[in-house]
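Within every chain, numbering begins at 1; the chains are lettered A, B, ... in the order of the sequence lines, protein sequences first and strands thereafter. What you see is a predicted model; the values in this text were computed from it and never measured. For the numbers below, each heavy atom of this structure counts, side chains included, while hydrogens, waters and symmetry mates do not.
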Amino acid sequence: MTTTTQLPPYDPATIEPHWRRQWEIDGLYQVDNDDPRPPYFFLTMLPYTSGDLHIGHWYAMAPSDVAARWQRMQGNNVLFPVGFDAFGLPAENAAINHNTHPKKWTYSNIENMTRQLKTMGASFDWTREFATSDPEYYRWTQWWFLKLYEHGLAYRGLADCNFCPGCNTVLANEQVNRNDDGNGVCDRCESIVEARQMEQWMFRTTAYADELLNFDRCDYPEPIKLMQRNWIGRSEGAEISFPLGREVGGEDRITVFTTRPDTLFGCTFMVLAPEHPLVAELTTDVHRAAVETYVEQARRQNEIERQSTKREKTGVFTGAYAKHPFTGDDIQIWVADYVLLSYGTGAVMGVPAHDERDFAFAQERGIPIPVVIAPADWDGGDLSEAYTGPGKMVNSGRFDGTDWQDGKLAVADALAELQLGGRTVSYRLRDWLISRQRYWGAPIPMIFCEACGIVPVPEAELPVLLPDDAEFLPTGASPLERHDEFVNVDCPQCGEAARRETDTMDTFMCSNWYMYRYVDPHNHQALIDPGLAQQWLPIDQYTGGAEHAVMHLFYARFFAKAARDMGILQIDEPFARLFNQGTITKDGFKMSKSRGNVVNPDEWVARYGADTVRLYLMFLGPWEAGGDWDDSGISGQWRWLNRVWNLALSEVETAGGSADAIRRATHAMIGKVTQDLERFRFNTMIAAMMECTNELQAIRDRGSVDETAWREAIDSLLLCLAPSAPHMTEELWRRLGNDGSVHEQSWPTYDESLAQAETVTVVVQVNGKLREKLTLAPGASQSDAASAARASERVADQLAGKTVRRVVWVPDKLLNFVAN
RNA sequence: GCCGAGGUGGCGGAAUGGUAGACGCGAUGGUCUCAAAAACCAUUGGGCCAAAAGCCCGUGCCGGUUCGAGUCCGGCCCUCGGUACCA
């Protein structure tokens, strides 16, 4: 038994600041573009400057740092940058609540967060850091806007906003609460919020809908790809026009989109979205009051509530009719809030027999429910519920007898001949609305001139600076609108007095191209040097929360494709590989100041050091699943690091010691750790290193060890642990007399033959139930295993009086007697 | 509502269709100590049993496939994330 009492104690409070300083002096993580090693761009989603850094930031970044460090040890030139997402609503809210300025609040947060981030000991290249609210940064955000406008990908269109009549201002969805009647109310003044249409800037994301469905160049988790595909929501179907027989509001027809044109002959009514432009003009005087009341209430509901299938299907009749395109029959025109203007054409045909929603709607209102697709066992009578399955068309004129699938195309093509529709594809995806009526954002670089119309700000005049002295408090006007100095400008084309756009950009606009800037962050002439772009892009590995599965990640993909087509970048996808970590909670809930369950990393670093905190975060569960922070759990990691410390520094007895068991433990660990790093399984990676530690300790305590094997074992353990516990391993590496930094070493090599166990456990089952365990040499034959098994009393008892019908043999694993 | 993920001991979790509970926390007992803390050692899914051996039960619920299911299939329940102006 080795005594450890005289060993120096593991003291992270001294070790950690020391090595962080040394690494900074040595420029260990500063990336050299001319480094001959292969470039590897590792990026974790940039944090929002929300105030204190909480353990959630560590949870996103510490494991990313481990993976980045591992890439470095594998011989890559790793770029691992960091920056801050700094514009947005929370800064404005916080400024109002704390009676300060959003800029002041944001930059003091950045200072604080930077200090806190540095204690983590991450291998960030801080020389490339920026905040998206830096004028030198948002100059390029504005530049992107100009490029998109130039290429027809940015346009003005009408879009709905949440409008609070009390504050006379636009609200974010987050600022809208629900009252008991289901109406949206302003979270500040509690007025009922209305939908109001405003002309705003949009980006044409739908232009890339089909290309964005393709993930050939994306190594993404399957669920993320699925969610994005569903977000795009491509569906093939038909457009069908129902003639009105007269002109109403400049239209002589109402067009619907359907994926089921085969059921057209079963259409007995149609439904318009309450916002549909023809509603007011179609409605007859008798029904006008009811329709207006209905439309009014619909404007106060949000889309999620309107689409709920649990809710009763409300709706009102307009009194108007359209004609069935084939039969000429009258089709009642209704208005109902479950139809959304934003999807398809804002109007749907009602086929009650073959759509669940339409069935419920028609049944309550006594609308006929004719069957036009025959269920297999149909007796010709009425249906008790909607039939949505396959079948042959019936009651459908010349299409009778056609299979439904063929019918979809046949009906669409027949409509095309009549010029009343035809085959088409519809998407759930909408264009991206980027205008925000807020102060703390990048100004949209556009000018409105009475003579010239919409005029872009010339590139040379960027950035359009956000004035510090605008009134951002809610006063009833868009903040920049009241800032005369900002608003009034000479038209760049004609020189006459003109007005600047006063809306700012969605913060997602700032965060969907930031990764490119890290490659060349101080370039004043261009967004990015083309040679450097070629060298570093796309990002090799991106990590971040799955809550960004569709919006941020999707916008970033759209931007990459637009950038390629505009000749700015030569990549198809921004991120070659993606990994999503889960959320860290405390007491089962997401951390929030109001709940009072925020875990402050500083407190735990002060107690145990950063290395222990890093390890605990990785150990508490699989990274993709997230986990719950438990104050008492962290002590396990602290104890383990102390055991590693003592193990590495302890004197061992080497006279006549053996090497096999040591090598087995070492190589089993290297294999497992390497394999787990590949798939970001940090929790089992740490468990493997703990097992190895336990094993080495036991071997040492049993007696002598082989000196070379022991030294290899300790070195390998330190190398495997180096990415996770960078400070402690550096200290031990140097104390053990090694040259250079542990973080500049090569990853240890794994030899499978050395990891091989001497014996294997083969389990014996009778009818699938475990009855015996055999210890055999690896590669033992089935007959050897069977005779050993039959020699067991337990097995013999279970087989007594039974006939063995079958024997299942899995070499080195299992022997199962199937008997009765 | 819709889309995606998940549900395993007291707790966090482990398990290419093949020993359920690795690794750790906690708890209990012990060593050390005047004592405590720390550290170390041992035990720890439930039941029958004095104990051991042994047997039975056990991965949200119901059913199925298979020699064998936490894992695959069908149907439910619950929790979490997103739902286009929180980021």
Engineer: What's the verdict on ring-ring contact (aromatic ring centres under 6.0 Å, His included) for A:Phe145 and A:Trp201, showing C-alpha distance, side-chain angles and the deciding distance?
Structural biologist: CA-CA 10 Å; A:Phe145 182 97; A:Trp201 287 102; 5.2 Å; yes
Engineer: Pick one: which of A:Leu814, A:Val810, A:Leu774 meets side-chain contact (heavy atoms from CB on, under 4.5 Å) with A:Val763?
Structural biologist: A:Leu814
Engineer: Can you check whether A:Arg643 has a side-chain N or O nearer than 4.0 Å to OP1 or OP2 of B:C23?
Structural biologist: no
Engineer: Check the distance between B:G82's P and A:Phe508's CZ and give it to me in whole angstrom.
Structural biologist: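 After rounding, the reported distance stands at 10 Å.
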Engineer: How would you label the contact of A:Leu433 with the nucleic acid (heavy atoms, under 4.0 Å): base, sugar-phosphate, or nothing?
Structural biologist: base
Engineer: Between the base of B:C85 and the side chain of A:Gln437, is one N or O donor paired with an acceptor at under 3.5 angstrom?
Structural biologist: yes
Engineer: Check the distance between B:C2's P and A:Arg428's CZ and give it to me in whole angstrom.
Structural biologist: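 Between P of B:C2 and CZ of A:Arg428: 13 Å.
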Engineer: Whether the A:Arg428 and A:Asn230 side chains hold a donor-acceptor pair (N or O, under 3.5 Å, no angle test) is what I'd like checked.
Structural biologist: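 A:Asn230 and A:Arg428 do not have a side-chain donor-acceptor pair below 3.5 Å.
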Engineer: Can you check the A:Lys813 NZ to B:G17 P distance for me, whole Å?
Structural biologist: 11 Å
Engineer: Whole angstroms only, please: what is the CH2-P distance between A:Trp638 and B:A38?
Structural biologist: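 Rounded to whole Å, this separation is 13 Å.
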Engineer: Report the C-alpha distance between A:Asp358 and A:Val271 in whole Å, list the side-chain angles of each, state the deciding distance to 0.1 Å, and finish with yes or no for side-chain contact (heavy atoms from CB on, under 4.5 Å).
Structural biologist: CA-CA 10 Å; A:Asp358 296 345; A:Val271 185; 5.7 Å; no
Engineer: Mind checking the C1' distance from B:G21 to B:G70? Whole angstroms is fine.
Structural biologist: 11 Å
Engineer: Under 3.5 Å, which donor-acceptor pairs link side chains of residues 614-622 of chain A to any protein atom two or more places apart or in another chain?
Structural biologist:
| unit_1 | atom_1 | unit_2 | atom_2 | d |
| --- | --- | --- | --- | --- |
| A:Arg614 | NE | A:Ser724 | O | 2.9 |
| A:Arg614 | NH1 | A:Asp65 | OD2 | 3.0 |
| A:Arg614 | NH1 | A:Met120 | O | 2.9 |
| A:Arg614 | NH2 | A:Asp65 | OD2 | 2.7 |
| A:Arg614 | NH2 | A:Pro723 | O | 2.9 |
| A:Tyr616 | OH | A:Asp630 | N | 3.3 |
| A:Tyr616 | OH | A:Asp630 | O | 3.1 |

Engineer: Over all strands shown, is A:Ser635 touching base, sugar-phosphate only, or nothing at heavy-atom distances under 4.0 angstrom?
Structural biologist: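 If one applies the 4.0 Å heavy-atom cut-off, A:Ser635 turns out to touch the sugar-phosphate alone, with no base involved.
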Engineer: Is A:Arg557 close enough and on-axis enough to A:Phe215, meaning under 6.0 Å and within 45°, for cation-pi?
Structural biologist: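 Yes.
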Engineer: Can you measure A:Tyr608 atom OH to B:C25 atom P for me and round it to whole angstrom units?
Structural biologist: 11 Å
Engineer: Touch check for A:Leu429, heavy atoms < 4.0 angstrom, all strands: base, sugar-phosphate only, or nothing?
Structural biologist: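 Since a base atom lies under 4.0 Å of A:Leu429, the category is base.
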Engineer: Is the ring centre of A:Trp58 less than 6.0 Å from the ring centre of A:Trp629?
Structural biologist: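 Centroid distance A:Trp58-A:Trp629: not below 6.0 Å, so no.
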Engineer: Contact class for A:His548 vs. all strands (heavy atom < 4.0 Å): base, sugar-phosphate, or nothing?
Structural biologist: base
Engineer: Using whole Å, report how far CG of A:Asn302 lies from C1' of B:U83.
Structural biologist: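 Spelled out: CG on A:Asn302 to C1' on B:U83 is 10 Å.
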Engineer: Check the distance between B:U83's P and A:Gln301's CD and give it to me in whole angstrom.
Structural biologist: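 After rounding, the gap between these two atoms is 20 Å.
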Engineer: According to a 3.5 Å limit on both distances, what stems of 3 or more consecutive Watson-Crick or G-U pairs are formed with RNA chain B?
Structural biologist: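 Output for stems: B:1-7 with B:77-83, B:10-12 with B:23-25, B:26-31 with B:39-44, B:45-48 with B:54-57, B:60-64 with B:72-76.
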Engineer: Does A:Gln200 contact B:C85 through a side-chain donor or acceptor facing the base, at a distance under 3.5 Å?
Structural biologist: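 Checked by distance alone, the answer is yes.
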Engineer: Report yes if at least one side-chain N or O of A:Arg639 is closer than 4.0 Å to OP1 or OP2 of B:A39; otherwise report no.
Structural biologist: yes
Engineer: Within the modelled atom types, does a donor on one side and an acceptor on the other bring the side chain of A:Asn816 and the base of B:C67 under 3.5 Å apart?
Structural biologist: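 A donor-acceptor contact between them is present.
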Engineer: Determine the Euclidean distance between corresponding C1' atoms of B:U33 and B:A27; express it in Å to zero decimal places.
Structural biologist: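 Taking atom C1' in both B:A27 and B:U33, they lie 22 Å apart.
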Engineer: Between B:A38 atom C1' and A:Trp645 atom CH2, what is the distance in whole Å?
Structural biologist: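 That distance rounds to 18 Å.
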Engineer: Heavy-atom contacts under 4.0 Å between residues 611-626 of chain A and RNA chain B, which residues?
Structural biologist: A:Phe619, A:Leu620, A:Pro622
